[in-house]
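Have a look at the structure that comes next, please.
First listed ligand is number 1; within each ligand, the first listed atom is number 1. In this text, all values refer to a predicted model and were calculated from it rather than measured experimentally.
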Amino acid sequence: MAAQVARQHAAAKPVLVLNGPNLNMLGKRQPEIYGRETLVDVEQACRKEAERLGINIEFAQSNHEGAMVEQIQAAREKNAGIVINAGAYTHTSVALLDALNAAELPVIEVHLSNIYKRESFRHHSYISPAAVGVIAGLGSHGYLLALQALARLLAR
Ligand code: DQA
């Protein structure tokens, strides 16, 4: 019974959908790679999918590594899980990896583009060891798949 109550409480916390640097430029930025949808379009699609799945989300974007670390630290108490597209910090940031590990939450890593088809410096992700799973190359649909995966994990 206590476990059930705890689970219901966890499910009521929103999932944090956190976007890193330059993702505010979606729609304008290299549309041949990232598509023509804006981040507002992605947020709207995520909100619609979250509603369908019966979960709450909080959608955020920052161009600053420290601000992302602080959002992840706050997520430990505030959020039930994290969907993260860390942008270029994916390939550079031990600080984000440490923050994600410290959060002790289910994490799904998302990339709009297939990072393995691109420059070799994009083939390595510092944050993947903290993630349950990684979705790359499916455009904004990847965010919706990540929400589906988290909803399933949180319902367990
Ligand atoms: C990205 C891939 C990264 O390599 C890049 O730096 C980004 C976006 C993606 O969504 O495909 O900013 O995370």
What residue and heavy atom of the protein are closest to atom 1 (C) of ligand 1, and at what distance?
->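 I find the closest protein heavy atom is His111 ND1, 3.7 Å.
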
When the ring planes of Phe121 and His91 are compared, do they come out parallel, tilted or perpendicular, using 30° and 60° as the limits?
->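 It falls in the perpendicular class, over 60°.
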
Side chains of Leu26 and Asn19: does their closest heavy-atom pair fall under 4.5 Å?
->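 A side-chain contact is absent here, since even the closest heavy-atom pair is not under 4.5 Å.
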
Protein heavy atom at shortest distance from atom 11 (O) of ligand 1 =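 Checked against all protein heavy atoms, atom 11 (O) of ligand 1 sits closest to Ser113 OG, 2.6 Å.
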
Mind checking whether Arg29 has a heavy atom under 4.0 Å from ligand 1?
->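 Per 4.0 Å heavy-atom rule, Arg29 contacts ligand 1.
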
Ligand 1 and His91, any nitrogen or oxygen pair closer than 3.5 angstrom?
->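 Yes, at least one N or O pair falls under 3.5 Å.
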
Heavy-atom pair with the smallest gap, counting every atom of Ala86 and Leu96 |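 So the minimum-distance heavy-atom pair works out to CB-CD1, 3.8 Å.
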
Looking at Ile115, which atoms of ligand 1 are within less than 4.0 Å of one of its heavy atoms?
->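 Matching atoms, with element in brackets: 2 (C).
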
Under the 3.5 angstrom rule, does the side chain of Arg76 hit a backbone N or O of Ala102 as a donor-acceptor pair?
->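 Yes, the answer is positive, given that a donor and an acceptor are paired below the 3.5 Å cut-off.
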
In terms of atom number and element, which parts of ligand 1 are under 4.0 angstrom from non-hydrogen atoms of Tyr34?
->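 Going through ligand 1 atom by atom, the ones under 4.0 Å from Tyr34 are 5 (C), 7 (C), 8 (C), 9 (C), 11 (O).
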
Touching ligand 1 at all, Thr90? Heavy atoms, strictly under 4.0 Å?
->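 No heavy atom of Thr90 comes that close to ligand 1.
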
Given side chain to side chain contact (heavy atoms under 4.5 Å, CB included), test Ile135 with Glu109 step by step and report yes or no.
-> CA-CA 6 Å; Ile135 300 169; Glu109 177 182 347; over 6 Å; no

Before signing off on this row, confirm whether Arg122 and ligand 1 have an N or O atom pair separated by under 3.5 Å.
->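 Among all N and O atoms of Arg122, at least one is under 3.5 Å from an N or O of ligand 1.
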
Could an N or O of ligand 1 be found under 3.5 Å from any N or O of Leu112, whether backbone or side chain?
->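 Between Leu112 and ligand 1, an N or O pair is found under 3.5 Å apart.
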
Scan side-chain atoms only and decide if Asn63 and Glu65 contain a donor-acceptor pair under the 3.5 Å cut-off.
->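 On atom types as modelled, these side chains do not qualify, holding no pair under 3.5 Å.
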
For the residue pair Gln148 and Arg52, what are the closest heavy atoms and their distance?
->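 So the minimum-distance heavy-atom pair works out to NE2-NH2, 3.8 Å.
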
